[in-house]
Trainee: 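Provided herewith is a single structure, encoded as structure tokens, for subsequent inquiry.
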Amino acid sequence: MTSKPRRMHPAALIFLTYTSIRSVIVPLIILAIGMNNGNAQFQKIIMVIVAVLIIWSVADIFVDYFMYTYQLLESEIVIRSGLFVKKVNHVPYKRIQNITTNQWFFLKPFKLVQLEIETAGHSETSEVSLKAVPSSLKDEINQLRNGVQVAEDIKPVAQNTYQISWSDLLSFSLTSPAFLSGLLVVLAAYGKISDLISDQFYADVATKAAGLGVLVIVFLVILVVVIFYVGSALILIAKYYHFRLTENDGQFVIERGLFQTKKTTIATERIQAIVIKQPLMRSFLKIATIQLVIVSNSNQGDTEKDIIVMPVIKTDKIPQFMAQFFKSVPFAIPEFQPQKFTYFYNFRNYSLWFLPVLAILIATLHNHILIAAILAVVILILWNVPAYLESKRSKVTVLNRDYIFLQNSSLLTKQTMFIPKMTIQFLKRRNSLWLEKKQIAGLTVNVRSGITKRSFSVDYQKQADIDSVMKWYKE
């Protein structure tokens, strides 16, 4: 069963256009800002450059579409592309690790999907990315892969199926710290173009801000944060709408999405570690998120970080969930008492980083010593909250001959990991000459994640505990 070379559906032009716009939009914004310098001749040059960029982008879209074909042969998929530089990509079926389909809402009436194929290679993106193809193409590929049953044919087993409820989806979306990432992205973008903004623009903004008053400025700042927060929650609701997890015959099938329905199949042998995460707000509410660190050759989408298999779950329900979906994992949260020296070293390290902040406060408020002292105390207390949480949560221990338990705190997020021995690439014990005398050490555990590695670490633990893990790994 083979086919002639095929082109993608014309709907692929929508995705190619979006990609083209995204690649030129930043240069266009920078050029538009540059046009505000009042030089008419310079503005004409900028307009010509903009016109050339637009024409080039439109031409590139149609060249990409008409020169891109895919062909199904007996043992491989052949992808051909390029006008002046011809590219031919051969993807053997036996090297395919995963096939993911994404279906935007406007593709559903035409029974089209985006199809991405990952192989055992180490490329930066999916080996094959077809923007708009018939949904039946996945069936054809799987039939050519020695009749492997497709993910759509997997019949959900009642006791191994989970579908998110509206209350859970709202809890997941409203307790996510993702909106902070949005603020950081905006600040980073501002940093790139700040040098292009004229001093007069800053002066005008400062003048208008001075006329608004402090309360209005504070209100505007709060409003911006609220907008980012609500926007982030809405994005997560759309992303995880109708989230469904099904486990059957050694595979996890994950479906989710409102505007874009994404379906991913994960073989259990690709799982490198199970991570239970609790940002600070979720810790107070006693809910958590369960994620998987997996092997993949793609650094895009979910595989860039971790695959979420349980967006939100009450902490007292986690043992039941683990027993249902991860029967081989010896789920247990060992009871432990954090060591006093762990608190000491973490508080010391964080306090040392506080010294430059203290110097800035003294330099700027040297005429207001009392205010500087109050601010210094408040900042020092807040500064050491991560140190306290890191000290309280850090632990590593052997669960059985196949698994270790590792827990730490990162950016106020509690992370609990169950890591199988067979997926660990290597362990590294860390201690200085001074700490070695005190029988104190740290540990870094490396597993494969995406196309690179993923490291989990704990610091300032009893050296005997670290040595027991090292011994376990060598056995």
Side-chain angles (χ1 to χ4, degrees), residues 11 14-15 18-19 21-22 98-108 112-116 118 125-126 129 131-132 135 151-152 156 161-186 189 225-247 252-266 274-279 281-282 285 287-294 296 298-314 321 325 411 413 415 449-450:
I14 298 174
F15 299 100
Y18 168 75
T19 302
I21 291 174
R22 189 175 60 179
N98 185 43
I99 301 176
T100 299
T101 60
N102 303 317
Q103 189 177 49
W104 286 92
F105 64 93
F106 54 82
L107 295 179
K108 288 183 179 181
L112 299 173
V113 296
Q114 287 179 278
L115 190 144
E116 296 181 357
E118 297 179 8
T125 59
S126 300
S129 180
K131 305 300 183 183
S135 56
E152 286 82 356
T161 300
Y162 160 77
Q163 184 162 340
I164 196 168
S165 65
W166 268 108
S167 59
D168 286 346
L169 182 58
L170 288 174
S171 298
F172 174 69
S173 303
L174 296 176
T175 58
S176 172
F179 75 97
L180 295 175
S181 302
L183 286 173
L184 291 176
V185 168
V186 171
V225 173
V226 170
I227 290 173
F228 272 97
Y229 177 75
V230 174
S232 172
L234 292 175
I235 290 172
L236 286 174
I237 288 173
K239 184 177 181 179
Y240 290 95
Y241 179 78
H242 277 184
F243 181 95
R244 183 184 182 89
L245 170 68
T246 301
E247 184 274 327
F252 287 101
V253 180
I254 299 170
E255 301 174 65
R256 59 174 173 79
L258 176 59
F259 302 110
Q260 179 190 27
T261 302
K262 183 164 186 164
K263 180 178 289 188
T264 304
T265 305
I266 305 167
I274 299 171
V275 183
I276 302 172
K277 287 189 175 182
Q278 281 186 290
M281 188 182 300
R282 291 179 185 164
L285 298 175
I287 57 176
T289 297
I290 301 178
Q291 301 177 337
L292 303 179
V293 178
I294 66 167
S296 171
S298 172
N299 68 351
Q300 294 184 336
D302 288 329
T303 56
E304 184 181 10
K305 296 181 181 176
D306 300 328
I307 294 286
I308 291 179
V309 291
M310 191 65 172
V312 60
I313 183 172
K314 293 186 180 298
F321 177 84
F325 288 94
L411 298 176
T413 297
Q415 298 184 126
S449 174

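Remember, it's a predicted structure, so these values are computed and weren't measured experimentally. Values reported hereafter were calculated over all heavy atoms of this structure, with side chains retained and with hydrogens, waters and symmetry mates removed.
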Trainee: If you measure from CG on Leu169 to OH on Tyr241, what distance do you get to the nearest 0.5 Å?
Mentor: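 Between atom CG of Leu169 and atom OH of Tyr241 there are 9.5 Å.
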Trainee: Working to the nearest 0.5 Å, report the span between NZ of Lys262 and NZ of Lys239.
Mentor: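 Between atom NZ of Lys262 and atom NZ of Lys239 there are 7.5 Å.
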Trainee: Taking the side chain as everything from C-beta on, heavy atoms only, tell me whether Glu116 gets closer than 4.5 Å to Asn102.
Mentor: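 Result yes, sub-4.5 Å side-chain heavy-atom pair found.
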Trainee: Using a 6.0 Å distance limit plus a 45 degree cone around the ring axis, check whether Arg256 lies over the aromatic ring of Tyr240.
Mentor: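 Yes, Arg256 lies over the aromatic ring of Tyr240.
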Trainee: Please report the closest heavy-atom contact between Phe172 and Pro311, naming both atoms and the distance.
Mentor: CD1-O, 3.0 Å
Trainee: Run the side chain to side chain contact (heavy atoms under 4.5 Å, CB included) test against Phe106 and tell me which residues pass, sequence neighbours left out.
Mentor: Ile14, Phe15, Trp104
Trainee: Output all residues satisfying side chain to side chain contact (heavy atoms under 4.5 Å, CB included) with Leu411, sequence neighbours left out; order by chain, then residue number.
Mentor: none
Trainee: Any idea which heavy atoms bring Ser173 and Ala233 closest together, and the distance?
Mentor: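 Scanning both residues completely, I find the closest heavy atoms to be CB-O, 3.6 Å.
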Trainee: When you measure from the side chain of Ser171 to the backbone of Ser167, do you find a donor-acceptor pair of N or O atoms at a distance under 3.5 Å?
Mentor: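 Side chain of Ser171 to backbone of Ser167, a donor-acceptor pair under 3.5 Å: yes, one is there.
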Trainee: Report yes if the side chains of Phe325 and Val309 come closer than 4.5 Å at any heavy-atom pair, otherwise no.
Mentor: no
Trainee: Report the residues that fulfil side chain to side chain donor-acceptor pair (under 3.5 Å) with Thr289, sequence neighbours left out, ordered by chain and then residue number.
Mentor: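 Expected list: Arg282.
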Trainee: Just how far is it from atom CD1 of Ile164 to atom CD1 of Ile308, taken to the nearest 0.5 Å?
Mentor: 9.0 Å
Trainee: Just to verify, which of Val253, Ile99, Val113, Thr100 counts as forming a side-chain contact (heavy atoms from CB on, under 4.5 Å) with Lys263?
Mentor: Val253
Trainee: Counting distance only, does the side-chain N/O of Gln103 pair as donor-acceptor with the main-chain N or O of Gln260 below 3.5 Å?
Mentor: no
Trainee: Just wondering, do Phe321 and Ile276 contact through their side chains at under 4.5 Å, heavy atoms?
Mentor: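 Ile276 does not reach Phe321 side chain to side chain.
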Trainee: Once rounded to the nearest 0.5 Å, what's the spacing between atom OG1 of Thr175 and atom CG of Leu285?
Mentor: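 Interatomic distance, Thr175 OG1 to Leu285 CG, rounded to 0.5 Å: 6.5 Å.
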Trainee: Is there a donor-acceptor pair closer than 3.5 Å between any side-chain N or O of Tyr229 and the backbone N or O of Leu174?
Mentor: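 At least one qualifying donor-acceptor pair exists.
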Trainee: First locate atom OG1 of Thr264, then atom CD1 of Ile307, and finally report the distance between them rounded to the nearest 0.5 Å.
Mentor: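 Rounded to the nearest 0.5 Å, the OG1-CD1 separation comes to 5.5 Å.
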Trainee: Working note: Lys108 + Thr261, criterion side chain to side chain donor-acceptor pair (under 3.5 Å); need CA distance, chi angles, decisive distance, verdict.
Mentor: CA-CA 9 Å; Lys108 288 183 179 181; Thr261 302; 3.3 Å; yes
Trainee: Verify, without hydrogens or angle tests, whether Gln163 (side chain) and Phe243 (backbone) share a donor-acceptor contact under 3.5 angstrom.
Mentor: no
Trainee: Just so I know, are the side chains of Ile266 and Ile254 near enough to count as touching, which here means a heavy-atom distance under 4.5 Å?
Mentor: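 Side-chain contact under 4.5 Å: yes.
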Trainee: Rounded to the nearest 0.5 Å, how far does CD1 of Ile313 lie from CD of Gln278?
Mentor: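 Reported value, rounded in 0.5 Å steps: 11.0 Å.
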